[in-house]
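Worksheet: one structure, shown below.
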There are 2 protein chains.
Amino acid sequence: MLIIALDPPFGPNGEYDEVYVVKETSNYAAGYKVGIPLVLGSGLEAIQAVKKASGKPVIADFKLADIGDIMAEIARKLAKSGADSIVVHGFIGVGNGVDKVVSEARKLGVGVILVVSMSHRGSEKYIDKHFEEMLNDALSLEVHGIVVPATRPWIIERARKAAGSSLKIYAPGIGVQGARPGTALCAGADYEIVGRFITRSSSPGESAREVYKSQLESVRACRG
Amino acid sequence: MLIIALDPPFGPNGEYDEVYVVKETSNYAAGYKVGIPLVLGSGLEAIQAVKKASGKPVIADFKLADIGDIMAEIARKLAKSGADSIVVHGFIGVGNGVDKVVSEARKLGVGVILVVSMSHRGSEKYIDKHFEEMLNDALSLEVHGIVVPATRPWIIERARKAAGSSLKIYAPGIGVQGARPGTALCAGADYEIVGRFITRSSSPGESAREVYKSQLESVRACRG
């Protein structure tokens, strides 16, 4: 239920690398999320390195937001590098957009996780206005999952109600961005994504254990 | 007035590389656009290689669409690699989003080009509904430019009217995606972005010359 977002730098002063963080935390993580900043520094090889060091699935979170052909091309490269799933923006829409990368990903055996809301304040301006429509796109395209921020638990509840068990719900925004561990799980998310609270810690393993313990306690309290 | 989008593969069967295409076409190009697919294959060094081979500015078109902190981190890496400008999605909104990467880019001396409409059909579903608002964001944030597709000339006309000379307008969608060279320039764009028609050609230099000539003829006809 914990996904760790591996955005550099690692450690309070950048003294660690991604493999160190993964080895310290893999007992508490259900998977890892690798984004553009890490790949720009360590190359696409980082995906395999994280998989190998953790034995856990890796989400390639490039937040793809391009025309269908370009996203399909990137999906092929990410699949070849070992990514288990990729993150795509729902706001790109269906029509030589999201639909094209979803069908390519299906051929590649890679899951698509659609962003339908984000954790920053600006998300309210445009993205959140189309949350219901993008959720419907996710359901009709039968994607693997969606991203809904932990900072908006009412949106998670709404998504879970509409999706039943047909979509995995991934919730970023825990820790430095403001939401407490367990908030999103209690609202109906499958996974909480935590980054800086763990990756910038002087002891990533300790911090991951702390988050994981808080998640367990919250879930025990809210689910009874 | 011609920007060439360097998305691999190059040549009809992938027989060229980006530096070959750049050397063949630099007489006709005002600049080049480098995206995620090229960087995943050739590394961030591709930006400097393109600049060196062409002597022209390079746009790093990652279509950034993340929270402000992550986009700012990517902007720093792209600036360090020699990018003259970066492409960011207006859809992310202001509020720890677009505003954050714009202020970081200003410090770095890098231009921000905001996507306010796209060339694929799906753009009509969500993005185009907020075109006017995102155009206002671009104007109030005083960014370097905006992306508006050549396939929607009426949106280019509207943008030019609202922006006057305060924004550069970049228009993709020429060639394989359907719009004729010059369409966007005549509607008010500063640059037309052409990819596959040139990069997949057996003679990229010939094809670039052809596009450039068509642009000149169109502009002569429409501007008198």
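Each chain gets a letter, A, B and so on, in the order its sequence line appears, and its residues count up from 1.
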Can you tell which of [options] has the highest number of heavy-atom pairs within less than 4.5 Å of chain B?
{"options": "A:P8, A:P37, A:G90", "value": "A:P37"}
{"options": "A:I92, A:V115, A:V94, A:D137", "value": "A:I92"}
{"options": "A:L78, A:L64, A:I127", "value": "A:I127"}
{"options": "A:V98, A:I70, A:D66", "value": "A:D66"}

Part of [X] within contact of chain A (heavy atom distance under 4.5 Å):
{"X": "B:K77", "value": "side chain"}
{"X": "B:E124", "value": "neither"}
{"X": "B:L40", "value": "both"}
{"X": "B:D99", "value": "neither"}

Counting neighbours of [atom1] on [X] that are heavy atoms of other residues, nucleotides or ligands and sit closer than 6.0 Å, is the number greater than 12?
{"X": "A:K56", "atom1": "NZ", "result": "yes"}
{"X": "A:E142", "atom1": "CD", "result": "no"}
{"X": "B:R106", "atom1": "CZ", "result": "yes"}

Can you say whether the rings of B:H130 and A:Y126 are parallel (under 30°), tilted (30 to 60°) or perpendicular (over 60°)?
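Answer is tilted, since the angle falls between 30° and 60°.
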
pair B:V39-A:V39: side-chain heavy atoms closer than 4.5 Å
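B:V39 does not reach A:V39 side chain to side chain.
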
Got A:D69 and B:H120 here, is their nearest side-chain heavy-atom distance under 4.5 Å?
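No, their side chains stay 4.5 Å or more apart.
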
May I ask you to name which of B:M118, B:K129, B:R76 has the most heavy-atom pairs under 4.5 Å with chain A?
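Option with the greatest count: B:M118.
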
If every non-hydrogen atom of A:R196 is compared with every non-hydrogen atom of B:I67, which pair is closest and at what distance?
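Distance-wise, the nearest heavy atoms are NH2-CD1, 4.4 Å.
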
Using the ring centroid of each side chain, check whether A:F91 and B:H89 are separated by less than 6.0 Å.
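Yes - the distance between ring centres of A:F91 and B:H89 falls below the 6.0 Å cut-off.
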
